[in-house]
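Scroll down for the structure; my scribbles are underneath it.
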Amino acid sequence: MGLGVLLNQRASHDSLPHDLVLALGAATLCVCVFYIDSFTNIESAIAVLYVVVLMMSSPILNGSGLALLVVWCTCLTLFSFVYGHGTSSDISVVVRLIVSLSALYLTFGLLVKNDASRIALFRANSNLQASEARYRAIFEQSRIALWERDYTGLREFVLQLKEEGVEDLRSYCAENPAVFPQATALIKTIDANRAAMELIDATGITNASAIVHDFIAPDDNAFLELMTTIFEGRRFFEGKGTITTRAGRVRHVLISLAFPERSEDFNRVVVGMIDITEREIAEKALAEARADLMGALRLSAVGALTASLAHELNQPLGAIVMNAQTLDRWIDRTPPDIESAKRSIDRIVRDAQRASNIIGNTRSKIRNQPPLLENFCLATMVEETRALMEYELRSAGVNMEIAVRNRIPPVFGSRIELQQVLINLVTNSIQAFEGSQASRRSIKVDVEQEASNVLISVTDNGPGISQAVRDKLFTPFQTTKKNGTGIGLSICRSAMEALGGGLKVATEGDVGASFQMRIPLRASYVG
Ligand code: ADP
């Protein structure tokens, strides 16, 4: 606490010599007034001049300081009065005293009021300065490229076109490409931060307003959209644009700006730009990699289809060879057994027909066509499958039993594909018996309805599936067989899923294996 609390803010910081002169002047005047008032016989209200002392002190003192000075001047006035006039009751002397004091207090009141408004003005001004400084700091230090631009000219140009009857700015600009350079030339840069200057490789330029908008690509769609935003009276614009920097580099930027509500404020619009070139390059590389991958996948799909075709054709071709050999034997007999030979020929025709169906089905897959869906009886299909595999079953010494629980309604699905799955499962079971010691080799096929599905389970009493094999059972190319391909089960599962059904291994223990096909009564192909 000291003299400082009585001084006003401005006086304590600025123009000290000037304030000192004022203070000395006021003090001298104060002494002079006191002297004349107390020790001379001038009959006038000389104490009124304390008002001048007060006024001279007002730029230096704050409210409290002035109050103290008023009290001091009052004391001096009263002292002079008592000293000069004693207890005189001369009315004119008393009136002069009252006039002097009134003038003093009136001036004090006015000065205090004036000081309060001055302080309010001073505060508002410094708040404004602080806000401007904050804005400048954000503007300058931002890592986002920021531009302050004057869009007044562009706005007038665009609205002029509207007035002239242009209804669709986009098609107008497409027909009149000269509009672009004309329009970009109307944009004025007021300021740009460091990031903006770096973005256009213009760090050497100190005066941002000297920058011409020649870095916007002439056919830049974002600029057309920006013009359209003004044309349609919208306020917000965000778009991806391309700019060519002073060093000739092409950069992709995300532009964002908000136009002011009032047309007169179009002279100061802040535009933000974020360099997204790296992201765009990465996205492009990703798209290319994706396209390469699709190509590779297509190639591998062709490979998978070839493998699948070889796998599926193996069984009917083997059967054809086997039936042809049998046919040969029937004919070689003396006399030839024509009836048996005819049965072998029928089987050869049937198997060849099936091979042809498999090829047709694969061709549809390559063309991305759905398989042929038809209404058929699953129980009959299972019976037919047993007949088809009669030779394989007999040669492996396997007995195949079929149990159809309750009456199964006809299903709507792909007969060929479902039969292929069943053939695969039965073939796997037959192959599992190779090297197995099971005294009675049997495969049981159960057909039953469960809600809107039909379940076909293929269960054998072979060696079963170990946990390690079971974990990768449906993974392509996982096989435990010497000549296996490991693709049978994965093809079967995909075929079942494409028909809206499923395939799972149902074995619990290590004795035997059981697979279950789930077939929806109405297949809807999702391949
Ligand atoms: P592949 O028959 O060419 O090996 P699969 O995908 O059809 O290909 O079968 C994969 C593996 O699943 C087989 O190698 C075998 O180890 C096992 N597997 C499939 N069915 C059975 C089964 N009924 N009993 C035992 N193991 C089986």
Side-chain angles (χ1 to χ4, degrees), residues 300-301 303-319 354-355 358 361-362 365 382 385-386 388-403 416-447 455-499 501-519:
S300 79
L305 277 171
T306 314
S308 143
L309 200 58
H311 184 268
E312 304 300 282
L313 284 179
N314 206 29
Q315 194 276 330
L317 290 181
R354 212 159 57 75
I358 292 168
N361 204 39
T362 309
K365 273 188 197 154
V382 175
T385 309
R386 179 165 58 183
L388 276 174
M389 303 197 68
E390 191 193 333
Y391 175 76
E392 284 96 331
L393 288 164
R394 202 166 359 102
S395 5
V398 181
N399 177 47
M400 178 169 156
E401 267 176 58
I402 299 170
I416 305 166
E417 295 213 336
L418 289 173
Q419 189 165 51
Q420 279 308 117
V421 174
L422 188 58
I423 289 174
N424 268 306
L425 296 181
V426 175
T427 307
N428 271 348
S429 290
I430 294 172
Q431 288 172 351
F433 285 120
E434 284 169 21
S436 143
Q437 304 303 319
S439 52
R440 200 179 158 271
R441 297 175 170 188
S442 87
I443 298 174
K444 196 161 171 249
V445 179
D446 290 293
V447 186
L455 306 177
I456 300 182
S457 308
V458 179
T459 312
D460 62 57
N461 63 342
I465 307 168
S466 69
Q467 188 59 51
V469 175
R470 202 178 309 169
D471 289 343
K472 294 179 171 178
L473 209 53
F474 295 97
T475 312
F477 310 112
Q478 297 294 325
T479 181
T480 55
K481 298 170 197 166
K482 219 160 102 204
N483 296 319
T485 56
I487 57 167
L489 288 176
S490 75
I491 294 174
C492 291
R493 179 173 264 186
S494 325
M496 292 305 299
E497 284 171 359
L499 291 166
L503 176 66
K504 62 176 187 182
V505 60
T507 320
E508 285 302 322
D510 272 353
V511 179
S514 182
F515 286 86
Q516 191 184 66
M517 298 163 64
R518 184 175 58 78
I519 304 135

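Numbering of ligands and ligand atoms starts at 1, following listing order.
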I need the nearest protein heavy-atom contact for atom 23 (N) of ligand 1: residue, atom name and distance, please.
Asp460 OD2, 2.9 Å
Looking only at protein heavy atoms, which one is nearest to atom 24 (N) of ligand 1, and how far off is it?
Ala432 CB, 3.5 Å
Going by atom types only, do Gln467 and Asp471 share a side-chain donor-acceptor pair under 3.5 Å?
yes
Less than 4.5 Å apart, side chain to side chain, heavy atoms only: is that true for Leu425 and Leu503?
yes
How far apart are the C-alpha atoms of Arg354 and Gln420, what are their side-chain angles, what is the distance that settles it, and do they pass the side chain to side chain contact (heavy atoms under 4.5 Å, CB included) test?
CA-CA 10 Å; Arg354 212 159 57 75; Gln420 279 308 117; 2.9 Å; yes
Partner set under salt bridge (Lys or Arg N to Asp or Glu O under 4.0 Å) for Glu390, not counting sequence neighbours
Arg347, Arg394
Do any N/O atoms on Thr485 end up under 3.5 angstrom from N/O atoms on ligand 1?
yes
Taking the minimum heavy-atom distance to atom 25 (C) of ligand 1, which of Gly464, Gly462, Ser429 ranks first?
Gly464
What residue and heavy atom of the protein are closest to atom 19 (C) of ligand 1, and at what distance?
Asn428 ND2, 3.6 Å
Atoms in ligand 1 flagged as close to Leu473, the criterion being non-hydrogen separation under 4.0 Å:
12 (O), 17 (C)
Shortest protein contact, atom 2 (O) of ligand 1 (heavy atom only)
Lys481 NZ, 2.6 Å
In the protein, which heavy atom is nearest to atom 22 (C) of ligand 1, and how far is it?
Ala513 CB, 3.7 Å
Do we see a donor-acceptor contact under 3.5 Å between the side chains of Glu312 and Asn424?
yes
Just to confirm my output: which protein heavy-atom neighbour is closest to atom 15 (C) of ligand 1, and how far is it?
Thr480 OG1, 3.4 Å
Exam field: side chain Arg493 to backbone Phe474, donor-acceptor pair closer than 3.5 Å
no
Under a heavy-atom criterion of less than 4.0 Å, does Phe474 contact ligand 1?
no
In the protein, what heavy atom is nearest to atom 9 (O) of ligand 1, and what distance, to one decimal place, separates them?
Leu489 CD1, 3.7 Å
Might you point out which heavy atoms bring Ile443 and Ser429 nearest each other, and give the distance in Å?
CD1-CB, 3.5 Å
Thr427, portion touching ligand 1 at heavy-atom distance under 4.0 Å
neither
In this structure, atom 4 (O) of ligand 1 is nearest to the protein heavy atom Thr479 OG1, 2.6 Å
